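Structure, as structure tokens:
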Amino acid sequence: MAPFIPHLSVVLPDTKHVTLLILATMITLSLAAIRGLLRRTHVVMVVTGTSALLVILTVLVVAYLITFGTV
């Protein structure tokens, strides 16, 4: 007879919604990092940092669109 484990009987949320929430949070944090970078750093740091963060932001947005099903 299998033991009853109550914490495994909880219904897990839909993984698509959790993925969308995580991606939306990461996109928001990337935008906040770009905004903070523009305010507090020198020109060279702004150009290189913004370029790197825009690449990350692009990857996150594409992942969001793929997960959402629009692409």
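Being a predicted model, the structure only gives us computed values, none of them experimental.
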Side chains of residues 49-58: which donor-acceptor partners sit under 3.5 Å, not counting sequence neighbours?
| from | atom 1 | to | atom 2 | distance (Å) |
| --- | --- | --- | --- | --- |
| Thr50 | OG1 | Val46 | O | 2.5 |
| Ser51 | OG | Val47 | O | 2.7 |
| Thr58 | OG1 | Leu54 | O | 2.7 |

Please identify each residue that fulfils side chain to side chain contact (heavy atoms under 4.5 Å, CB included) with Val59, with sequence neighbours left out.
-> none
Table please: side-chain donor-acceptor pairs of residues 23-34 below 3.5 Å, with sequence neighbours left out.
| from | atom 1 | to | atom 2 | distance (Å) |
| --- | --- | --- | --- | --- |
| Thr25 | OG1 | Leu21 | O | 2.8 |
| Thr28 | OG1 | Ala24 | O | 2.8 |
| Ser30 | OG | Met26 | O | 3.0 |

